[in-house]
Trainee: 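Okay, here's the structure, questions in a sec.
The structure presented is a predicted model; accordingly, all values stated were derived computationally and were not measured. Residue numbers start at 1 and run along the sequence shown. In each ligand, atom 1 is the first atom listed, and ligand 1 is the first ligand listed.
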Amino acid sequence: MPKRLTNWAGNIGFGARRLVRPRSLDELRAAVAGTSRVRVLGSGHSFNRLADTDGDLISLADLPRTVEIAADRATVRVDGGIRYGELAARLAAEGLALHNMASLPHISVAGAVATGTHGSGVRNGNLATAVSGLEILRSDGSVTTLDRSDPDLAGAVVGLGALGVVTALTLDVVPAFELRQYVYEDLPEAALHEHLDEILSAGYSVSLFTRWSSADIDQVWLKRAEPMTGDFFGARPADGPRHPVPGMPTVNCTEQGGTPGPWHARLPHFRMEFTPSSGEELQSEWHLPRSAALSALGAVSGLRERVATVLQVCEVRTIAADDLWLSPHHERDSLALHFTWIADTEAVLPVVADLEKALAPLGARPHWGKVFTTAPSELRAAYPRFDDFTDLVSRFDPRGTFRNPWIDALFG
Ligand SMILES: Cc1cc2nc3c(=O)[nH]c(=O)nc-3n(C[C@H](O)[C@H](O)[C@H](O)COP(=O)(O)OP(=O)(O)OC[C@H]3O[C@@H](n4cnc5c(N)ncnc54)[C@H](O)[C@@H]3O)c2cc1C
């Protein structure tokens with residue numbers, strides 16, 4: 001029996017006829033030309049059916065790796081299959097950096113960008129905001145190149161895989177920098193009410209972790225250049241390394257305790273050397289205007305006992321506003337409420353629906369790559385450029401080669 005093709009978490013069994021792994025652009029072009037239905041699979045870290053197809057799934061993992069740094073050292077051009085961990089190592093060796101990273105370096109750049117994946121930091125846009133150029137192989141075999149002078153770029157970047165195969169991306173880069181990572185424990189709820197903006201702005205990247213067993217915050221992870229001493233708004237410095245989920249091995253986590261280190265060894269929470277083949281978890285995340293942060297935390301706190309029954313850990317992050325059409329951070333500085341659930345879809349979905357109901361009046365937008373049940377009509381209302389994106393999909397892919405039921409339900 002051939003092994004069932006699933007996403008990383010194993011909660012989605014793909015309906016694809018086969019997985020195709022081209023080793024060159026010519027092979028890729030032939031693979032797209034040879035089928036009427038196709039989707040690209042990145043590293044498979046999404047938790048819903050957006051990458052699925054009943055045609056062919058194409059992985060770009062076996063394409064030759066491309067890392068071309070521009071002569072002015074302001075951008076890098078990469079292939080559509082590279083993962084952040086590989087790219088980060090290459091950039092660091094050249095004295096360059098990305099402005100931010102997600103919690104895990106194992107995800108593919110094209111897949112992360114396609115869903116508006118983000119790290120944290122009040123001044124940091126999501127990872128898609130670094131994209132200054134895209135090369136997209138379309139169903140007719142042509143390649144469209146977009147840069148920031150083209151108004152379609154802002155629509156195509158968070159593209160959900162619906163426009164074509166992203167064969168290359170150009171990303172903004174910055175000079176390499178160092179950060180220190182600190183973990184504090186037991187931040188009192190009162191500190192959130194009195195100092196939330198100061199807390200969220202206290203580092204280059206700040207994450208709050210809680211299991212919602214109380215309204216206090218279990219852990220604060222601060223990534224910043226400057227050293228820190230003493231308590232943090234009533235929270236105590238951890239007396240050793242911590243994992244966001246208590247009891248899980250801390251050896252998988254990036255170095256804490258304030259030792260300075262390169263950006264790519266501090267911005268992700270997890271080390272590249274630790275390779276999680278699959279995860280016993282589901283994830284959901286909602287993005288809200290930062291101005292509604294306390295109301296949003298209050299709304300979750302109101303469902304605390306229900307949430308805690310299916311929760312492994314909740315992470316609170318911030319993301320700066322951008323102009324990308326389908327970015328969950330479109331035109332608003334955002335607070336992200338992330339939930340790592342237990343691996344039990346049946347038990348998790350009713351809680352997801354309750355959270356959606358509680359957060360909808362505050363303007364919640366779900367993470368495109370995670371578990372959500374929001375109706376297409378609500379998503380359309382949440383995104384001012386939604387109809388423009390629908391037009392873009394029809395223009396780029398008039399034959400519907402890159403569509404699937406998930407895309408049709410939203411943009412059909
Ligand atoms: C353990 C874990 C940690 C995570 N941490 C974070 C986090 O810190 N922040 C956050 O925001 N999210 C996070 N996520 C979510 C994750 O970043 C997104 O699901 C992201 O899309 C995963 O990238 P991928 O390469 O696995 O994409 P996939 O799930 O494989 O695909 C996602 C979409 O991208 C499309 N796609 C992929 N490659 C291409 C291409 N070359 N051309 C066209 N379309 C393409 C696919 O068709 C699909 O529509 C996490 C997920 C996991 C499992």
Trainee: Are the aromatic rings of Tyr204 and Trp263 close, with centres under 6.0 Å apart?
Mentor: no
Trainee: Could you check, using the six-membered ring where one of them is a Trp, whether Phe386 and Phe411 have ring centers closer than 6.0 angstrom?
Mentor: yes
Trainee: Hey, does Ser301 have a side-chain heavy atom less than 4.5 Å from the side chain of Trp212?
Mentor: yes
Trainee: Would you say the ring centroid of Phe209 lies under 6.0 angstrom from that of His269?
Mentor: yes
Trainee: Is it true that His243 and Phe270 have ring centroids separated by less than 6.0 Å?
Mentor: yes
Trainee: For the residue pair Leu163 and Asp397, what are the closest heavy atoms and their distance?
Mentor: O-CB, 4.3 Å
Trainee: Just to be sure I understand the cut-off, which residues have at least one non-hydrogen atom under 4.0 angstrom from an atom of ligand 1?
Mentor: Trp8, Arg39, Val40, Leu41, Gly42, Ser43, Gly44, His45, Ser46, Phe47, Leu50, Ala51, Leu60, Gly80, Ala102, Ser103, Leu104, Ile107, Ser108, Ala110, Gly111, Ala112, Ala114, Thr115, Thr117, His118, Leu160, Gly161, Gly164, Val165, Val166, Gln283, Arg317, His367, Gly369, Lys370
